[in-house]
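Scroll down for the structure; my scribbles are underneath it.
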Amino acid sequence: NMTEPCTFVIFGATGDLARGKLLPALYHLDAAGRLHPGTRILTTGRRHPDRDAWLSETRADLSGTVRGGLQQEVFTRFADRVDYMQGDLRQADFYKQLQARLADRQGFPADTAFYMALGASDYAGVIENLDRVALLEEQLGWRRVVIEKPFGNDLQSAAILQQKLSNHLREEQIYRIDHYLGKETVRNILVFRFGNVLMEPLWNRDTIDHIQIIHAEPQGIGKRGATYDASGALRDMIQSHLLQLLTFVAMESPVSMAAEALHAEKLKVLKSIRPIPADRIGDYAVRGQYDAGKVGPDDVIAYRDEGRVAADSHTETFAALKLHIDNWRWAGVPFLLRTGKRMTAKQAMVAICFKQPPQQFFRSSHIRCDASNWLLIGIQPNECLRLEMTVKAPGEALATRQTALDAAFRKADETVNDAYEELLLDIVRGDRSLFLSYEEVTQAWQIIDPVLKAWSKPGEDLHLYPAGSWGPRAADRLFDSACQSWRHTL
Ligand code: BG6
């Protein structure tokens with residue numbers, strides 16, 4: 001289970017991603033004995049003058065983030081692998097120092113993953129500079145570069161970024177990460193679909209009415225005002241995570257689980273998505289922005305009052321999209337994607353609504369008119385599979401009610417690994433199957449591009465919704481029938 005020794009270089013060591021996700025994931029891997037004793041981590045940042053200062057803040061961070069609380073013994077081992085280098089990555093000198101530090105044989109293995117935990121506008125410059133000091137050359141060991149989303153800002157800028165990267169890197173060296181694919185519950189979609197015979201015969205237009213792919217979170221945008229205001233929910237969640245989830249739900253069985261095979265099937269799904277007509281965006285997409293409201297017991301401010309957000313911002317914090325996949329399996333089955341910040345509760349799930357039986361014999365005592373059968377795949381925080389069925393209610397003759405077959409994803413004594421843990425090890429193993437190909441990324445931009453263009457302007461179609469709600473009612477109009485409605489929680 002342990003991988004070969006390697007070096008992780010993390011650019012942006014004091015940013016939210018490194019502090020909140022990457023370092024906790026590396027710590028957890030170390031705690032579980034999954035990091036080779038020879039693996040080393042070099043972090044770089046501007047703020048801390050030296051390793052001690054950085055490490056003491058990191059220790060405090062980890063105490064708050066790691067599962068089961070910080071264990072001193074693990075932290076000591078972890079700290080021994082870590083080094084820190086202060087510097088400004090916009091200066092050419094920085095790379096000479098970095099090169100010297102890594103070559104200094106201070107025990108840094110030659111196999112190296114460079115992790116861009118940076119603002120997207122820095123990726124190309126850093127990679128060019130790494131190449132300039134020969135840090136991307138692979139004579140002594142592999143050199144891989146990990147790139148977070150967003151990969152570009154739209155179709156055109158993604159192509160420009162790709163062009164710049166390919167001047168310095170072979171495609172096999174580029175790891176475009178989408179942390180949703182590291183979630184065990186997301187990978188379970190593939191196992192559930194292709195590890196059983198029960199579901200696959202039902203997984204098509206004959207039995208499925210429509211599919212919802214949902215992500216809601218009670219958090220606002222926190223300190224990300226400046227970047228979020230230039231991005232919005234469509235770019236932040238739908239272009240990446242939700243479209244990726246859609247590919248897992250909709251793709252055909254790949255010939256194997258190898259990267260090329262998976263990428264090919266996912267790409268076929270994305271290419272089969274019917275383009276959204278530019279003159280009918282409102283029939284397919286709904287945007288919203290949170291107003292002031294109450295999340296749980298807390299009063300929270302409107303999006304436009306958040307720090308570093310324009311007072312007249314028309315950036316969407318809620319987006320819902322209806323897509324059609326034009327292929328034999330899915331013709332006529334709408335896929336509804338919805339995401340929002342400052343919603344009532346955290347809930348990420350895939351909700352599959354099956355068709356009604358062709359005849360209604362029974363007197364139903366349940367309220368939903370849309371369906372008798374739903375399959376809910378809970379991604380977080382409820383990690384489960386739930387199949388809702390109609391059964392007879394005891395007592396009255398042939399009255400019915402809904403019941404659910406529930407399967408928790410994990411047993412009480414099991415933990416679910418964080419998304420980044422498995423993905424970090426995949427990088428070391430050279431397994432790109434859960435990373436995105438450039439074709440997938442660009443196809444995903446292609447799908448949302450007409451909506452991005454329409455939403456780049458302010459308009460009355462931006463619906464304000466109170467913080468702490470399930471988003472604007474306007475999103476209901478994406479359904480084809482009055483009997484269909486959004487599923488909110490499991
Ligand atoms: C990130 C987005 O990629 O995913 C955030 O930039 C969002 O805005 C987050 O909050 C959601 O991830 P998760 O794993 O918490 O559902």
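Predicted model, so just to flag it, every value in this text is computed and none were measured. One is the number of the first residue; the rest follow in order along the sequence. One-based numbering, in listed order, for ligands and for the atoms of each.
- When the shell of 6.0 Å around CZ of R67 is examined, it contains more than 12 heavy atoms from other residues, nucleotides or ligands.
- For H179 and Y420, the ring centers are positioned less than 6.0 Å apart.
- Ring-centre distance between F435 and H263: not below the 6.0 Å cut-off.
- In summary, the aromatic rings of Y115 and F8 are positioned with their centroids too far apart to meet the 6.0 Å limit.
- Of the protein's non-hydrogen atoms, Y180 OH, 2.5 Å is the one closest to atom 16 (O) of ligand 1.
- Residues W445 and F151 place their aromatic rings such that the two centres sit no closer than 6.0 Å.
- For the pair E171 and R432, the salt-bridge criterion is met [side-chain N within less than 4.0 Å of a carboxylate O].
- Proximity of the aromatic rings of H210 and W374 is defined here by a centroid distance below 6.0 angstrom, and this criterion is met.
- Counted within 6.0 Å of CD on E172, heavy atoms from surrounding residues, nucleotides or ligands total more than 12; the atom is thus considered enclosed.
- Protein heavy atom closest to atom 13 (P) of ligand 1, with residue, atom name and distance, is Q380 NE2, 3.3 Å.
- Close contacts between ligand 1 and R224 involve ligand atoms 5 (C), 6 (O), 8 (O) [criterion: under 4.0 Å to a heavy atom].
- For Y228, no heavy-atom contact with ligand 1 is shorter than 4.0 Å.
- Neither the backbone nor the side chain of E148 has a heavy atom within less than 4.0 Å of ligand 1.
- Ligand 1 places these atoms under 4.0 Å from at least one heavy atom of H241: 1 (C), 3 (O), 4 (O).
- Among all protein heavy atoms, the one lying closest to atom 15 (O) of ligand 1 is K346 NZ, 2.9 Å.
- Shortest contact from atom 12 (O) of ligand 1 to any protein heavy atom: H179 NE2, 3.2 Å.
- In terms of protein heavy atoms, atom 11 (C) of ligand 1 is closest to H215 NE2, 3.7 Å.
- Residue contacts with ligand 1: K149 is placed with a nitrogen or oxygen under 3.5 Å of a nitrogen or oxygen of the ligand (distance criterion only).
- In terms of protein heavy atoms, atom 14 (O) of ligand 1 is closest to K183 NZ, 2.5 Å.
- Taking 4.0 Å as the cut-off, Q219 does not count as a neighbour of ligand 1 on heavy-atom distance.
- Ranking the protein heavy atoms by distance from atom 6 (O) of ligand 1 puts D236 OD1, 2.6 Å first.
- In this structure, W486 has its ring center closer than 6.0 angstrom to the ring center of F479.
- Judged by a 6.0 Å distance limit and a 45° cone about the ring axis, R287 is not positioned over the six-membered ring of F318.
- Against a heavy-atom cut-off of under 4.0 Å, K341 is close to the following atoms of ligand 1: 5 (C), 7 (C), 8 (O), 10 (O).
- Nearest non-hydrogen protein atom to atom 9 (C) of ligand 1 is M237 SD, 4.1 Å.
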